[in-house]
There are 4 protein chains.
Amino acid sequence: MTTAQTTLPFKVADLSLAEAGRHQLRLAEHEMPGLMALREEFGPSQPLKGARIAGSLHMTVQTAVLIETLVALGAEVRWASCNIFSTQDDAAAAVAVGPNGTVDAPAGVPVFAWKGETLEEYWWCTEQIFDWSAAAGYAEPHDGPNLILDDGGDATLLVHTGREYELAGSVPATEADASHEWSVILDVLRRSLASSPDRWTKVAAGIIGVTEETTTGVHRLYELAQRGELLFPAINVNDSVTKSKFDNKYGIRHSLPDGLNRATDVLIGGKVAFVAGYGDVGKGAAEALRGQGARVIVSEIDPINALQAAMDGYQVARIESVIDEIDILISGTGNKNVITLDHLLGLKHLAIVANVGHFDNEIDMAGLERVPGAVKVEIKPQVHEWRLPTGRSILVLSEGRLMNLGNATGHPSFVMSNSFTNQVLAQLELFTHIEDYPTGVYVLPKKLDEKVARLHLAALGVELTELTPEQAAYIGVPVEGPYKPDHYRY
Amino acid sequence: MTTAQTTLPFKVADLSLAEAGRHQLRLAEHEMPGLMALREEFGPSQPLKGARIAGSLHMTVQTAVLIETLVALGAEVRWASCNIFSTQDDAAAAVAVGPNGTVDAPAGVPVFAWKGETLEEYWWCTEQIFDWSAAAGYAEPHDGPNLILDDGGDATLLVHTGREYELAGSVPATEADASHEWSVILDVLRRSLASSPDRWTKVAAGIIGVTEETTTGVHRLYELAQRGELLFPAINVNDSVTKSKFDNKYGIRHSLPDGLNRATDVLIGGKVAFVAGYGDVGKGAAEALRGQGARVIVSEIDPINALQAAMDGYQVARIESVIDEIDILISGTGNKNVITLDHLLGLKHLAIVANVGHFDNEIDMAGLERVPGAVKVEIKPQVHEWRLPTGRSILVLSEGRLMNLGNATGHPSFVMSNSFTNQVLAQLELFTHIEDYPTGVYVLPKKLDEKVARLHLAALGVELTELTPEQAAYIGVPVEGPYKPDHYRY
Amino acid sequence: MTTAQTTLPFKVADLSLAEAGRHQLRLAEHEMPGLMALREEFGPSQPLKGARIAGSLHMTVQTAVLIETLVALGAEVRWASCNIFSTQDDAAAAVAVGPNGTVDAPAGVPVFAWKGETLEEYWWCTEQIFDWSAAAGYAEPHDGPNLILDDGGDATLLVHTGREYELAGSVPATEADASHEWSVILDVLRRSLASSPDRWTKVAAGIIGVTEETTTGVHRLYELAQRGELLFPAINVNDSVTKSKFDNKYGIRHSLPDGLNRATDVLIGGKVAFVAGYGDVGKGAAEALRGQGARVIVSEIDPINALQAAMDGYQVARIESVIDEIDILISGTGNKNVITLDHLLGLKHLAIVANVGHFDNEIDMAGLERVPGAVKVEIKPQVHEWRLPTGRSILVLSEGRLMNLGNATGHPSFVMSNSFTNQVLAQLELFTHIEDYPTGVYVLPKKLDEKVARLHLAALGVELTELTPEQAAYIGVPVEGPYKPDHYRY
Amino acid sequence: MTTAQTTLPFKVADLSLAEAGRHQLRLAEHEMPGLMALREEFGPSQPLKGARIAGSLHMTVQTAVLIETLVALGAEVRWASCNIFSTQDDAAAAVAVGPNGTVDAPAGVPVFAWKGETLEEYWWCTEQIFDWSAAAGYAEPHDGPNLILDDGGDATLLVHTGREYELAGSVPATEADASHEWSVILDVLRRSLASSPDRWTKVAAGIIGVTEETTTGVHRLYELAQRGELLFPAINVNDSVTKSKFDNKYGIRHSLPDGLNRATDVLIGGKVAFVAGYGDVGKGAAEALRGQGARVIVSEIDPINALQAAMDGYQVARIESVIDEIDILISGTGNKNVITLDHLLGLKHLAIVANVGHFDNEIDMAGLERVPGAVKVEIKPQVHEWRLPTGRSILVLSEGRLMNLGNATGHPSFVMSNSFTNQVLAQLELFTHIEDYPTGVYVLPKKLDEKVARLHLAALGVELTELTPEQAAYIGVPVEGPYKPDHYRY
């Protein structure tokens with residue numbers, strides 16, 4: 001592998017950060033049996049030899065294990081985070097330095113990510129993962145990567161938009177009401193176009209596919225595909241069963257009480273907790289809160305999920321019907337304005353408000369900020385008391401953004417091992433069976449989904465029963481799977 | 001409606017049976033809010049006016065409420081049971097007599113079903129639901145029904161097979177190794193062909209579609225469709241979310257402990273219970289047993305479901321690994337020979353063995369019967385002690401057949417209300433929108449699935465939250481649903 | 001043992017009833033490991049040799065195993081039921097006939113109990129268990145038993161009251177407002193006094209002690225002791241941990257849903273269930289209902305128990321606050337008029353009302369019966385629909401009496417094995433260590449309580465850890481127990 | 001109140017620490033409704049006017065609310081921590097400065113506590129709480145306090161031992177094998193005796209009683225009482241139901257998963273967790289772990305608790321039987337050497353070991369430290385990887401000491417509110433009804449225990465039902481309680 005001979009792109013003062021990170025990696029590897037199994041299975045045959053992967057995904061300890069798994073399978077990798085806050089600097093340092101490198105002579109993967117980037121820095125970082133030139137230190141330079149591993153679609157967006165403006169010959173002027181982020185993106189592309197008229201066109205041409213981690217990114221991909229603008233095939237990792245049903249339900253079950261505890265130390269037992277939304281996130285949240293002895297009330301807009309909540313023994317009510325009973329108010333819907341200003345003003349004194357759903361617009365934080373006389377007091381980072389003109393206060397976690405990230409540490413390694421094993425299998429699938437994937441958006445074949453699960457069983461002491469050939473024939477499936485029709489709901 | 005002026009086809013000595021049944025119906029109606037809501041919504045407009053429905057489905061109290069709902073919507077109906085044992089005679093009597101009829105002048109629906117039919121009687125009954133002739137008492141006679149409501153596919157089978165042999169000109173000879181049931185069917189068709197060369201051809205021509213209740217029946221339909229032999233469109237009711245996820249999971253959660261209690265009165269708390277299979281049935285079974293304080297061990301062949309079981313806190317093991325710890329052994333897989341003779345011989349003394357999965361071949365009952373020296377002692381009906389040559393005994397419930405039917409009373413009305421509301425909506429859909437259904441097998445549109453759930457919320461005191469138009473637009477769904485993509489797993 | 005050569009005192013037509021009962025006994029023995037272990041431990045040494053036990057306790061299958069355990073330890077026994085309805089005739093027959101007897105030559109224990117006694121018959125039966133005379137068939141006759149095993153205190157009452165009136169020289173006249181039962185008792189004693197002036201005085205003199213099963217009976221004993229009127233020592237079996245904490249909590253957890261299912265077949269999942277009282281009975285009831293997917297609301301009068309309920313995640317409310325949400329209303333308090341007429345009139349249509357607490361006065365059945373225009377319709381035995389003038393109906397189970405007895409089969413054998421092992425140990429304790437028990441009321445020594453638990457572990461596959469001598473010394477207890485101070489709450 | 005005019009005894013550089021602490025206090029007050037209700041009820045009447053309380057209890061935020069409650073009721077207070085590590089400096093600063101004080105002119109309570117004291121500093125601090133002299137700044141000086149509020153008994157020990165040596169005339173020489181702590185205590189007393197021959201004798205004479213928080217302290221008190229050496233009455237707060245059953249069970253249920261998460265971020269779901277001990281601590285631990293989806297195995301030495309665990313659905317096994325399945329090993333027994341070196345060496349790679357029971361000797365840490373070749377690596381504070389010569393590692397939390405304190409933040413405020421409301425009521429009881437308490441050890445009257453619960457209901461939205469006079473009479477209790485006999489187990 002031609003490792004890029006750059007200095008480390010992030011702010012590492014000395015080796016101790018990398019050492020601390022290496023330590024975390026070692027522990028995380030134990031909790032990521034799927035990735036470690038892939039290293040064992042595919043390490044010898046190096047199936048990703050020749051793959052050049054541009055990765056854009058939260059640069060955490062777990063991602064570090066993912067990156068080193070891709071490398072172990074033969075890939076070359078460059079990495080940026082997909083969020084300005086989510087990088088764990090020790091993990092980034094460890095990956096960049098590599099197991100055998102030093103700060104001065106890093107032998108790992110070029111990582112462009114640090115905690116607390118500005119938006120300008122963020123998009124500069126994202127740009128770097130597409131630079132596979134000699135200037136970037138490659139002995140065998142290329143126009144760009146041949147694979148993208150994306151989370152939220154920013155890397156994919158940059159390629160598609162860059163190419164679009166190159167074809168158009170210019171980057172449009174920034175509109176007056178453009179978001180700051182959009183103006184930064186346009187600046188990046190303007191600068192790029194000024195130095196090369198076909199950089200992104202060439203990058204796009206070299207890419208054989210993308211694997212996407214999230215609902216949001218998948219949504220963008222389906223829109224591109226529907227408009228006929230998608231440039232290369234995409235695998236929707238988000239909708240693998242072993243991603244969506246595990247990441248959301250079991251991840252939140254773990255990290256919601258964790259975040260509440262770290263943020264507030266308030267006893268959950270005996271409290272009235274309200275969970276908006278009874279999808280996988282809400283199911284995990286409700287189970288966790290009940291498991292701690294809270295009385296849980298659920299709201300839903302979908303009558304099927306509402307009926308499930310009732311059958312699971314929860315009261316199902318509209319927020320406003322029970323607003324004066326709620327001690328802990330959780331939003332887990334993926335929609336906007338679920339918790340309105342009226343709700344916030346109607347809550348009990350020192351009720352806790354937290355979001356585990358999606359963006360911070362699940363809670364009307366903008367409305368809250370405009371309340372005349374409301375005072376925001378920082379109790380500690382990511383925990384704010386809002387003193388309201390009603391005479392009551394509420395405690396808002398993580399400024400209304402995802403509290404499992406802001407107040408806890410996100411999904412545990414074992415959960416991410418499921419998601420990331422899907423990612424590696426998706427990268428492998430594109431790189432080794434691209435002929436099966438004309439441009440379009442795909443989910444992983446069920447058999448690979450089952451494989452992800454299979455790789456996580458031994459670590460939990462699970463004994464899997466095997467079908468006899470007679471049994472397999474009786475239900476009409478292969479002995480080795482896949483076992484279920486695509487519409488099976490688990 | 002031209003009610004058929006037949007004598008009652010079942011064995012009613014006097015009106016008291018019908019009165020008792022009417023009583024049960026009244027209580028069941030309260031627990032079947034979906035069906036009652038359909039009566040209220042559609043009763044005035046009579047959208048099934050002109051529908052002639054041949055129904056083949058367990059003739060229970062709940063089915064009686066279904067039948068009277070179909071009638072309330074304008075349909076004419078004839079009914080047989082789909083199982084020789086499952087008829088509740090009082091329910092059958094009540095439906096046949098009708099709310100205003102008498103034994104001598106029944107004013108209800110012609111019902112051909114009684115508890116404990118012979119196979120000959122069973123297929124004679126099934127034949128009767130296709131007889132809409134003047135001889136059957138109809139003032140406006142027809143060649144047959146225009147809709148089938150089927151459970152397991154026997155009614156559909158009779159039409160397809162009858163027509164096939166009519167086209168062939170003869171019924172084939174009964175093979176030496178044919179099952180008794182198949183020979184009975186051939187006899188029925190032989191007799192039919194002798195009296196009319198095109199009875200089933202005409203019946204088939206008049207049918208616009210079928211709605212099917214079960215996995216087994218749906219499986220047959222997909223096979224027919226794949227072979228190009230399906231004669232009319234079919235709606236697969238089984239795979240509605242409000243059927244499969246409710247009927248299996250919540251139905252079994254209710255009726256498994258009920259059956260165990262009625263059969264054995266053994267304390268479930270503290271016992272080691274083993275559940276083979278962690279699909280919806282297994283999930284419901286495991287939850288029920290844990291809810292009663294049992295320690296539950298699960299087996300699975302699908303690694304995804306196995307991982308779910310582990311994440312839900314269950315030990316996942318092969319039966320043989322823990323065979324000497326099991327007090328209660330439940331099979332809920334839908335496969336055959338899941339509990340083998342070796343398992344049965346290895347169980348603890350007086351361990352309980354029961355099936356909530358599928359056919360009685362889940363447990364190797366045939367093998368058990370061949371064990372030299374094994375003695376079968378009836379403790380009470382549907383509960384047998386098998387004294388084994390090992391010196392130990394086991395308790396087998398319902399002879400290895402579905403114990404939730406044999407030892408309990410099957411799914412409760414509320415669960416069946418979900419399933420049957422799907423059935424009525426499916427019948428409505430075919431009868432009023434047949435143009436949308438070319439021959440093929442369909443699931444109900446998600447919006448109707450959601451409607452089924454919606455109709456069951458008020459009875460449980462559930463308040464449904466409504467999307468604002470802005471929220472609906474934000475997530476790209478109509479305010480009134482459907483809310484989820486088809487691949488959503490709930 | 002000199003078995004009394006009487007004809008069988010109950011109505012046995014032939015041997016088949018006894019055979020059926022013997023069958024039940026064999027299965028129950030498997031679920032009563034504590035009693036069977038006592039037979040094994042003490043059978044050889046016959047420590048109850050010389051004990052003459054007069055037993056008054058529900059004559060069920062489980063009691064039959066108790067009786068035969070007492071006999072196996074060397075005792076002679078005579079038995080009556082303590083309730084006119086609770087006898088299981090097959091169990092009574094089996095015990096009376098004995099394992100080796102016949103109807104004509106019974107070789108078991110004289111049993112005076114049948115299902116459906118009149119009050120006159122009931123007290124005649126109770127009288128018989130004190131008759132150990134030659135006329136009763138004893139070769140070595142005695143004035144009476146030397147031990148009582150009592151449930152509710154009726155046997156103890158008869159001895160104390162009989163002796164009191166003998167000392168007074170006459171039985172007082174029956175007062176005008178006396179209950180029917182009291183007048184029957186007075187008649188019995190009047191007849192007795194007429195035939196012998198000192199029968200009960202002699203009986204009382206011969207009794208060395210009583211062991212009492214229930215709260216009610218224990219309450220009577222403490223009152224007698226406080227007034228200085230208790231004639232012999234009493235062991236309060238009711239307050240053994242292995243009785244009260246198991247019998248109430250785990251027994252009700254089992255039999256409440258069992259009774260609901262057998263009575264109504266209504267799906268418990270999704271329903272709103274209200275449990276009045278959060279003592280051991282309420283705790284078991286709430287857990288069972290939640291385990292079936294109900295939403296459970298609890299009421300309490302004791303703030304400590306109320307706080308426990310809240311900490312366990314239940315809504316705690318007064319009945320009247322939520323009366324219009326309740327689908328299933330359970331009373332488990334031991335108090336009277338807990339469910340008032342106003343509550344009954346305020347319930348939803350076809351709400352279910354059931355008592356698992358104490359007497360039928362927990363529910364104001366008397367008030368209900370006086371409601372003008374209320375109509376009581378029997379749905380099936382022990383299940384009545386009350387049509388109320390409000391236009392709504394309610395379903396009342398077991399006429400407001402204990403539904404776990406009336407609609408289900410009472411506590412399962414395993415639970416009763418705990419209670420009855422305490423009984424046998426208590427009888428043993430009195431008979432072999434009477435010197436440690438001056439007249440007064442005692443609970444069993446904690447070590448025996450622990451022994452009861454110990455004898456039930458193997459059947460559940462429980463491995464008990466053993467203290468090392470160093471550990472035992474460290475916490476200041478013997479290696480072999482007892483392990484806890486008396487005030488420990490478990 | 002004559003506030004002592006000392007400079008602040010702890011290390012406060014400026015007011016910001018006190019301000020931060022005041023902030024925490026305000027939030028904690030919301031979660032401590034019992035204490036706030038006492039301020040409201042008793043603030044006006046000042047029943048603790050004249051009380052001089054020497055407090056020795058972890059100087060946390062919750063204790064700060066306790067201290068200020070005592071002050072609000074009229075008491076003068078001096079405070080030390082009862083543990084060298086447990087002081088939260090901001091809470092200490094806030095209490096010392098007081099709501100209206102400044103660093104230079106503190107107007108709060110003299111607090112002698114900071115995080116990370118040496119043993120010498122610790123016992124100096126403890127000594128200070130007995131100094132109520134003019135030198136300590138009191139306008140109306142006294143020989144000492146008149147009440148002790150103790151946690152673990154160190155304050156009580158100092159008084160008893162000091163007086164003992166004064167009576168003996170000398171402090172004995174420090175023995176060669178004395179613990180370091182004991183030698184420090186002897187030094188303190190030697191110094192004291194040198195300056196005053198009767199300091200502790202006078203202090204002891206002035207004390208009317210002590211209230212003790214913990215099992216350990218209570219144990220010491222009972223020993224003193226049994227030996228006839230107890231100098232004043234003591235109230236055992238530890239065994240109030242609202243302390244022991246809440247603090248242990250619900251406190252651990254909260255803080256065990258909290259500590260595991262903060263220490264390791266390992267997904268609990270799907271793991272095998274082993275809980276040694278099924279007392280209140282173990283019950284809370286098992287419930288919490290199951291609530292997070294772990295499979296929980298329990299060990300017990302007491303057959304009654306073992307049977308409870310089985311009835312609650314847990315596998316009950318000896319550690320060594322399942323050692324190779326355990327991912328998370330929790331000790332919650334209160335005994336020593338529960339987790340032996342053999343257990344530690346037999347665990348799976350990277351298994352987590354944590355103690356929520358008692359002292360660090362529950363786990364054989366001493367043995368671990370002596371293993372040749374074992375390497376201890378600090379992952380982060382209070383989390384150590386022990387690399388064992390077996391080639392496997394284990395993760396030990398909090399060096400084997402209580403991880404709910406070391407890795408989490410101890411019991412939440414709401415739990416402590418229950419305990420501390422008991423403390424205040426106990427102080428009130430001694431100060432205002434000392435005549436009812438001859439020297440001895442007492443638990444609080446049940447009615448006060450019930451009062452503690454009562455004061456916590458409104459905060460949880462609990463509606464308490466009230467007995468009617470008829471109902472109260474029926475069960476023989478006052479309408480206003482107490483409701484249960486002393487032996488009731490809850």
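Any value given below was found using the heavy atoms of this structure, including those in side chains, with hydrogens, waters and symmetry copies removed. We name chains A, B, ... by the order of the sequence lines, and we start the count at 1 in each one.
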**Asked** More than 12 non-hydrogen atoms from neighbouring residues, nucleotides or ligands closer than 6.0 Å to CD on B:Glu40, yes or no?
**Response** no
**Asked** Can you name the closest pair of heavy atoms from C:Pro257 and B:Gln292 and give their distance?
**Response** CG-NE2, 3.6 Å
**Message:** Using side-chain heavy atoms (C-beta onward) and a distance below 4.5 Å, is C:Asp258 in contact with B:Asp265?
**Reply:** yes
**Contact origin within B:Ala459 toward chain C - heavy atom pairs under 4.5 Å** = backbone
**Request:** Could you check if a side-chain atom of C:Ile268 sits within less than 4.5 angstrom of a side-chain atom of B:Arg253, using non-hydrogen atoms only?
**Result:** no
**Asked** With only heavy atoms counted, which part of C:His411 is less than 4.5 Å from chain B, the side chain, the backbone, both or neither?
**Response** neither
**Item:** Winner by heavy-atom pair count (cut-off under 4.5 Å) against chain B, out of C:Lys271, C:Arg295, C:Glu287
**Value:** C:Lys271
**Message:** How long is the straight-line distance from OG1 of B:Thr264 back to CD of C:Glu31, given to the nearest 0.5 Å?
**Reply:** 7.5 Å
**Item:** Atom pair CD1/NE2 of B:Ile379 and C:His23 - distance to nearest 0.5 Å
**Value:** 3.0 Å
**Message:** So which residue, B:Ser393, B:Gly461, B:Ala408, B:Gly293, ends up with the most heavy-atom pairs under 4.5 Å with chain C?
**Reply:** B:Gly293
**Request:** With rounding to the nearest 0.5 Å, note down the distance linking CG in B:Asp327 to NE2 in C:His30.
**Result:** 7.0 Å
**Asked** Looking at B:His456, B:Glu385, B:Arg290, which makes the most heavy-atom pairs under 4.5 Å with chain C?
**Response** B:Glu385
**Prompt:** So which part of C:Ala20 gets closer than 4.5 Å to some heavy atom of chain B, the side chain, the backbone, both or neither?
**Reply:** neither
**Asked** Which one, B:Lys348, B:Arg387, B:Glu325, B:Gln24, leads in non-hydrogen pairs under 4.5 Å with chain C?
**Response** B:Arg387
**Request:** Check whether the side chains of C:Asn261 and B:His254 place a donor and an acceptor atom closer than 3.5 Å, and report yes or no.
**Result:** yes
**Complete:** Minimal heavy-atom distance between B:Pro412 and C:Val266, with the atoms involved, is CB-C, 4.4 Å
**Asked** Under a 4.5 Å heavy-atom cutoff, which of C:Leu27, C:Leu289, C:Asp324 has the most pairs with chain B?
**Response** C:Leu27
**Message:** With a 4.5 angstrom heavy-atom cut-off, is it the side chain or the backbone of C:Val377 that approaches chain B, or both, or neither?
**Reply:** side chain
**Asked** When you look at C:Asp90 and B:Lys380, which way does the salt bridge (charged side-chain N to carboxylate O under 4.0 Å, His left out) test go after all the steps?
**Response** CA-CA 14 Å; C:Asp90 53 359; B:Lys380 57 184 171 182; over 6 Å; no
**CZ on C:Phe246 to CG on B:Leu267, rounded to 0.5 Å** = 10.5 Å
